[in-house]
Amino acid sequence: MVFLCRKGHPQVKRRLDLDGYLELRHVLVSLRGGSQGTVDAVLTETGRRREVALIVPHFLAALLIVACSDLVLTAPARIVKQLGEALEFKVMAPPLPVPGFTVRQVWHERYHDDPAHLWLRQEIFAAAAGLRPPSIKQRG
């Protein structure tokens with residue numbers, strides 16, 4: 001996971017500690033519209049909370065919003081690398097440990113033995129197996 005904001009963000013300097021992180025206004029990506037994410041769960045364990053100013057259903061929307069506002073985002077490094085390279089971001093490690101997540105394939109049981117569906121699932125698995133998490137490099 002990485003923290004990102006637009007280059008030139010007035011509150012984010014070279015380093016970001018937890019207090020500074022909590023003073024910022026955050027974008028939360030929630031596919032189901034919930035108001036709590038992984039970061040919020042970690043913060044709750046420490047008795048802290050952040051201000052979620054906006055909830056969106058997709059990372060692409062979140063990246064575009066962060067690129068042209070003073071909102072910030074904590075997101076998977078792979079998504080930032082793949083979708084955010086054309087945008088001007090300051091990227092750094094978040095000031096708290098944020099666990100990763102698991103991506104799973106799910107399908108209806110009627111397609112379990114369908115040859116075309118089985119082929120597609122195997123192709124997706126093979127493509128995902130070759131992915132490596134990108135290293136976090138400070139950009140800014």
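What you are looking at is a predicted structure, and each value in this text was computed from that prediction instead of being measured.
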### Message
Surrounding CZ of Arg48 (heavy atoms of other residues, nucleotides or ligands, distance under 6.0 Å), is the total greater than 12?
### Response
yes
### Query
According to the side chain to side chain donor-acceptor pair (under 3.5 Å) rule, which pairs have a member within residues 55-72, sequence neighbours left out?
Arg6-Asp70
### Message
Does any part of the side chain of Phe3, heavy atoms only, come nearer than 4.5 Å to the side chain of Leu24, both counted from C-beta?
### Response
yes
### Task
State, to 0.1 Å, how close Pro94 and Met1 come at their nearest heavy-atom pair, and which atoms those are.
CD-O, 3.4 Å
### Query
Closest heavy-atom contact between Arg14 and Met92?
O-CE, 4.0 Å
### Message
Using 0.5 Å steps for rounding, measure from the CD atom of Gln105 to the CD atom of Gln122.
### Response
9.5 Å
### Message
According to a hydrophobic-cluster definition based on side-chain heavy atoms being under 4.5 Å apart (Ile, Leu, Val, Met, Phe, Trp, Tyr only), do Phe59 and Val52 belong together?
### Response
no
### Query
Could you go step by step and tell me if Tyr21 and Val72 meet the side-chain contact (heavy atoms from CB on, under 4.5 Å) rule?
CA-CA 9 Å; Tyr21 178 83; Val72 300; 5.6 Å; no
### Query
Is any side-chain heavy atom of Thr74 closer than 4.5 Å to a side-chain heavy atom of Leu96?
no
### Task
Drop me the distance from Arg32's CZ to Ile55's CD1, to the nearest 0.5 angstrom.
14.5 Å
#### Entry: 4.5 Å side-chain heavy-atom contact, Leu43 and Leu18
yes
### Pairwise side-chain contact, Leu28 with Val39, heavy-atom cut-off 4.5 Å (strictly under)
no
### Message
Counting C-beta onward and ignoring hydrogens, is there a side-chain heavy-atom pair between Pro99 and Val42 closer than 4.5 Å?
### Response
yes
### Query
For Leu64, what residues pass the side chain to side chain contact (heavy atoms under 4.5 Å, CB included) criterion, not counting sequence neighbours?
Leu60, Leu87
#### Entry: Heavy-atom donor-acceptor pair, Lys90 side chain to Val12 backbone, under 3.5 Å
yes
### Task
Mind running side-chain contact (heavy atoms from CB on, under 4.5 Å) on Ile65 and Leu73 for me, showing each step along the way?
CA-CA 10 Å; Ile65 290 164; Leu73 177 67; over 6 Å; no
### Message
Salt bridge or not between Asp114 and Arg121? Use side-chain N to carboxylate O under 4.0 Å.
### Response
no
### Message
So, taking the atom named SG in Cys68 and the one named CD in Glu88, what distance separates them when rounded to the nearest 0.5 Å?
### Response
13.0 Å
### Query
For the side chain of His112 and the backbone of Trp107, is there at least one donor-acceptor N/O pair under 3.5 Å apart?
no
